[in-house]
There are 2 protein chains.
Amino acid sequence: MKKYCFGIDIGGTTVKCGLFDVKGELLEKWEIPTRTENNGSAILPDVADTIGDKIRERSLDRDEIAGIGLGVPGPVNEDGEIPGAVNLHWGYVHLVDQMERLTGLEVKAGNDANVAALGEMWKGGGAGCHNVVMVTLGTGVGGGIINNGQIVTGTNGAGGEIGHIHVTDSLTTPCNCGNTGCLEQVASATGITFLANRRLAADDKPSVLRSGEVSAKTVFDAVKAGDELAIEVAEEFGKYLGAALANVAGVVDPEVFVIGGGVSKAGEILLDFIKKNYRKYAFMACKDTAFALAELGNDAGIYGAAKLVL
Amino acid sequence: MKKYCFGIDIGGTTVKCGLFDVKGELLEKWEIPTRTENNGSAILPDVADTIGDKIRERSLDRDEIAGIGLGVPGPVNEDGEIPGAVNLHWGYVHLVDQMERLTGLEVKAGNDANVAALGEMWKGGGAGCHNVVMVTLGTGVGGGIINNGQIVTGTNGAGGEIGHIHVTDSLTTPCNCGNTGCLEQVASATGITFLANRRLAADDKPSVLRSGEVSAKTVFDAVKAGDELAIEVAEEFGKYLGAALANVAGVVDPEVFVIGGGVSKAGEILLDFIKKNYRKYAFMACKDTAFALAELGNDAGIYGAAKLVL
């Protein structure tokens, strides 16, 4: 009988590791550095080693281990391959095969944003739901779509890449992806800062944002303090994100949108600005879709990775 | 061993019926009228009767029948229930249960647009693919999403309702759905007519469209004849639809978009206007997604309904 599994979240600087029981209890978590040199050739062997060490340290029976789930920062197709390995600056292509050979355990892999969405569905803000859209508002805007409990990977591993939905023709500078007018440019932490600076430059309206640092955090702190200009910025952010999520609902019609990432630390007030605009644009059948804050923080990746093999 | 199945497409005026073998060969198709009076209380019994008649006429062994698939013009949830029965003006709620009771056969049901998408994936423009987005450009704009071979039904049965994606703030009249600026308002047959009339009214530029009827068909006929104003209209249509489908790709990342409905009779030239704009807005990993014309026409529904039970 299977009792345990490992959830591994491979990031650019650290690999987060979790040992779970099959009910989803996190028994232990730890980190190792991500050694990216030499096209990351040490990454998978390092992960295999730390898992081997943990098995020995805890005297786990290998037959009781359901497997290893891997979340990686790039597209992974349904065969566990990385079609655009260049995005990771790693040499790996057959991620699952190689990891299975290194460990002798069953391995499943997914894109980190998708895997985090699975984690939030399992034990976080989307618990109890089977159709979840997770939106991560950090430096960029990440997304993960769970339909009927399964990750929507997409043909090119680009399922859930909602940060690159086109939302406006009003921008002139391109997004990191090469297109112009992406959601990420106006709804990420960087995007909110951009919107705030653009609004500040438009006229002389007083605002606490005129003295001190302008960031997603200071904007939402100012919103909470009743700063009118900051509220205008939050409204604009909410319009772009709310309209984009309304369009996402017209495609996959989720039960809940889970909002995570650094920007989500602003709390419920952030959801208010998104929800109001979402309801304006959403198709009638989807106007009451729930919104929730993510609950697992940086652990969403290891939870979701573990769920991949259960 | 199962040898046969029925695919039934319930429309507003007729019920299309198909008898298939389990490999997907259409053995026979026929129609019966849809009796919508008395909240459509006769519809399911009529369907059960015509299936019973066919079984007797062909002396089919009931044990060899895999089941009955039903496509219906409204949202159907994953339990085979119609959450918003009012949309159909029918009294049915537990569609699958009632049909199983009437026939003693296994029944599956789905929304007609989703079921048509499944049909095109199985035997039409998306044959060989498992991730398909079907777009039906008719009086309205319908959509159906197939991910990993399964219909994306959505929590409220609104999966694939891409006709109501918000695409423009420039409209003042509301869509049938109550929102304003929906894709359907600018990319359906009616929408193309609207764009053409708006363009014609803007100035005095000569066009063959100034004499005679303005419709989606006459617009694309004029495009083929090199009419500059008609080409502008087609460009505008292509921009709205191409950008919307680019956003759909950022959510589910299909292998192919299958374009059907009356407007698609314009042929490959229609795809050219959509593809060019799609590529402009699509996320890099999805820029080369294929586009195909639907192939099954009005039979897509019976094919897809049959596939539901196989």
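In the text below, chain A, chain B and the rest are named by the order of the sequence lines, each starting its count at 1.
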Item checked: Q150(A) vs Q150(B) side-chain heavy atoms within contact, under 4.5 Å -> no

Check: Is there side-chain contact between N148(B) and N131(B), with heavy atoms separated by less than 4.5 Å?
Finding: yes

Note to self: Between K307(B) and G119(B) (side chain of the first, backbone of the second, donor and acceptor by atom type, cut-off under 3.5 Å), is there such a pair?
What the structure shows: no

Check: Do you know which of G181(A), A158(A), G143(A) has the most heavy-atom pairs with chain B at a distance under 4.5 angstrom?
Finding: A158(A)

Checklist line | Main-chain N/O of I231(B) paired to E235(B) side chain as donor or acceptor, under 3.5 Å | finding: no

Next item on the list: Give me the contact list for residues 162-179 of chain A versus chain B, heavy atoms only, anything under 4.5 Å, ordered by residue number.
Entry: I162(A), H164(A), I165(A), H166(A), D169(A), C177(A), N179(A)

Check: Between L70(A) and V76(A), is any pair of side-chain heavy atoms under 4.5 Å apart?
Finding: no

Note to self: Is T180(B) in contact with chain A via its backbone, its side chain, both, or neither, using a 4.5 Å heavy-atom distance?
What the structure shows: neither

Item checked: Sub-4.5 Å side-chain heavy-atom contact between V115(A) and L308(A) -> yes

Next item on the list: Find out whether S264(B) and L137(B) are in side-chain contact, i.e. whether some heavy atom of one side chain is under 4.5 Å from a heavy atom of the other.
Entry: no

Next item on the list: Before accepting this row, confirm whether a basic side-chain N of the pair E232(A)/R199(A) lies closer than 4.0 Å to the acidic partner's carboxylate O.
Entry: yes

Checklist line | Donor-acceptor pair, side chain of E184(B) and main chain of G140(B), under 3.5 angstrom | finding: no

Next item on the list: Please check if the side chain of N156(B) supplies one atom and the backbone of A285(A) the other of a donor-acceptor pair under 3.5 Å.
Entry: yes

Notebook entry, point to check: Is it the backbone or the side chain of D288(B) that comes under 4.5 Å from a heavy atom of chain A, or both, or neither?
Noted result: neither

Margin query: Just to be sure I understand the criterion: a residue of residues 241-258 of chain A counts if one of its heavy atoms is under 4.5 Å from a heavy atom of chain B. Which ones qualify?
Written below: N247(A), V248(A), A249(A), G250(A), V251(A), V252(A), D253(A), P254(A), E255(A)

Next item on the list: Determine whether F194(A) and S188(A) make a side-chain contact, defined as any pair of heavy atoms from C-beta on separated by less than 4.5 Å.
Entry: no

Margin query: Under a 4.5 Å cutoff for heavy-atom pairs, which residue among L183(B), T153(B), V152(B), T289(B) has the most contacts with chain A?
Written below: V152(B)

